[in-house]
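No experiment lies behind these values; they were computed from the predicted model shown.
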Amino acid sequence: MTDFERKQHDYDAYLEQPETNGLRYGSPKMHGTIALENELCFFLLFENDDEPPGSGMILPKTPRETVFDLTPQEWQATFELLQQAKRFIDDAHHPDGYTVGWNVRPAGGQHVPIAHLHVIPRFDDEPFAARGLRWWLKQPENRRSSQS
């Protein structure tokens, strides 16, 4: 199974059974700790060694499939929480930079159909320091085999 096929499979499974989604607000299967929240959104801090320390994501409390489905109020709440999350991460981990971004649908890297803004602190001593959000998209091996 390709990475895309796996993401599409996961995405479809969560759409069919949304209660199994560990990113839903209040889910007993939550994939981290709620470190911050406001009325409409929450910052989920990851609890694993797969990502830099302090990494997490901001999600709406009411599940929205993609970032394009957020209400204007959720956009504002996300912005406010992003500022708070940065202060929280800065105080705890003192990163040298950040990568912040959205994935949309399986082709864009999203395998959980709930809009979530990744907030990833970056450090000068990382092997991939200075390689930002679009670095891998620009690689020759990422060229499409055919243009439509």
Side-chain angles (χ1 to χ4, degrees), residues 1-123 126 128-139 142 144 147-148:
M1 183 179 290
T2 67
D3 197 35
F4 171 75
E5 291 168 334
R6 182 184 55 79
K7 285 186 186 322
Q8 185 68 58
H9 176 269
D10 291 350
Y11 195 90
D12 293 342
Y14 286 129
L15 285 175
E16 289 174 16
Q17 295 183 317
E19 69 280 357
T20 65
N21 192 327
L23 296 183
R24 292 175 70 93
Y25 186 74
S27 169
K29 299 178 181 187
M30 193 162 286
H31 297 296
T33 300
I34 297 176
L36 302 165
E37 64 182 301
N38 58 30
E39 183 181 343
L40 299 176
C41 299
F42 63 103
F43 176 63
L44 185 65
L45 187 63
F46 295 142
E47 297 175 337
N48 61 50
D49 295 328
D50 296 343
E51 306 211 28
S55 295
M57 57 178 68
I58 297 173
L59 302 100
K61 289 183 177 179
T62 300
R64 308 283 183 214
E65 189 172 342
T66 76
V67 60
F68 299 109
D69 301 315
L70 295 177
T71 66
Q73 296 80 12
E74 288 165 337
W75 269 102
Q76 182 64 36
T78 298
F79 173 78
E80 292 169 3
L81 203 53
L82 178 60
Q83 303 308 310
Q84 293 174 23
K86 182 186 181 301
R87 287 190 297 274
F88 175 85
I89 297 166
D90 283 349
D91 290 346
H93 301 285
H94 312 288
D96 301 303
Y98 281 87
T99 296
V100 178
W102 305 89
N103 295 321
V104 178
R105 302 228 164 84
Q110 181 184 16
H111 72 279
V112 179
I114 292 181
H116 51 281
L117 176 63
H118 291 269
V119 182
I120 305 166
R122 302 294 303 275
F123 301 89
E126 293 174 33
F128 295 119
R131 294 183 182 173
L133 189 63
R134 295 175 38 234
W135 177 84
W136 61 273
L137 294 170
K138 297 178 181 182
Q139 301 311 301
N142 191 51
R144 293 177 62 201
Q147 299 294 321
S148 35

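E74 is not listed as a side-chain neighbour of D69, based on a closest heavy-atom distance of 4.5 Å or more. Side chains of L70 and P60 form a contact here, defined as non-hydrogen atoms less than 4.5 Å apart. At a threshold of 4.5 Å between non-hydrogen side-chain atoms, the residues I120 and P52 count as touching. At least one side-chain heavy atom of Q110 sits under 4.5 Å from a side-chain heavy atom of H116. V67 places a side-chain heavy atom less than 4.5 Å from the side chain of W75. The side-chain heavy atoms of C41 and L59, taken from C-beta on, include no pair separated by under 4.5 Å. In this structure the side chain of T99 never reaches within 4.5 angstrom of the side chain of F128, judged on heavy atoms. Looking at I114 and Y14, their side chains never come closer than 4.5 Å, going by heavy atoms from C-beta outward.
Around CD of E5, the count of heavy atoms belonging to other residues, nucleotides or ligands within 6.0 Å exceeds 12. More than 12 non-hydrogen atoms from other residues, nucleotides or ligands lie less than 6.0 angstrom from CZ of F123. The local environment of NE2 in H9 is sparse, with at most 12 non-hydrogen atoms from other residues, nucleotides or ligands closer than 6.0 Å.
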What do the steps show when you test E80 against Q76 for side-chain hydrogen bond (donor to acceptor under 3.5 Å, both in side chains), and what is the final call?
CA-CA 6 Å; E80 292 169 3; Q76 182 64 36; 3.0 Å; yes
Walk me through whether K61 and E37 qualify under salt bridge (Lys or Arg N to Asp or Glu O under 4.0 Å).
CA-CA 9 Å; K61 289 183 177 179; E37 64 182 301; 2.7 Å; yes
Applying side-chain contact (heavy atoms from CB on, under 4.5 Å) to D90 and Y98, what does each step give before you reach the verdict?
CA-CA 10 Å; D90 283 349; Y98 281 87; 2.7 Å; yes
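Closest heavy-atom contact between P95 and I89: CD-O, 3.9 Å. What you find for V100 and L133 is that their closest heavy atoms are O-CD2, 3.9 Å. Nearest heavy-atom pair across Q8 and P106 is OE1-CG, 3.4 Å. Smallest separation of non-hydrogen atoms from G22 and S27: CA-OG, 3.9 Å. Taking each heavy atom of F46 and M57 in turn, the nearest pair found is CZ-CE, 3.1 Å.
Note on ring orientation: taking the six-membered ring where Trp is involved, the planes of F88 and F43 are perpendicular (angle over 60°, cut-offs 30° and 60°).
The distance from atom CG of L44 to atom OH of Y25, rounded to the nearest 0.5 Å, is 11.0 Å. With values rounded to the nearest 0.5 angstrom, L36 atom CG is found 9.0 Å from R87 atom CZ.
For K7 (side chain) and G108 (main-chain N/O), no donor-acceptor pair under 3.5 Å exists by modelled atom type.
Note on D3 versus R6: salt bridge recorded, some NZ/NE/NH1/NH2 to OD/OE distance being below 4.0 Å.
In this structure, a donor-acceptor pair under 3.5 Å is present between the side chains of Y11 and E65.
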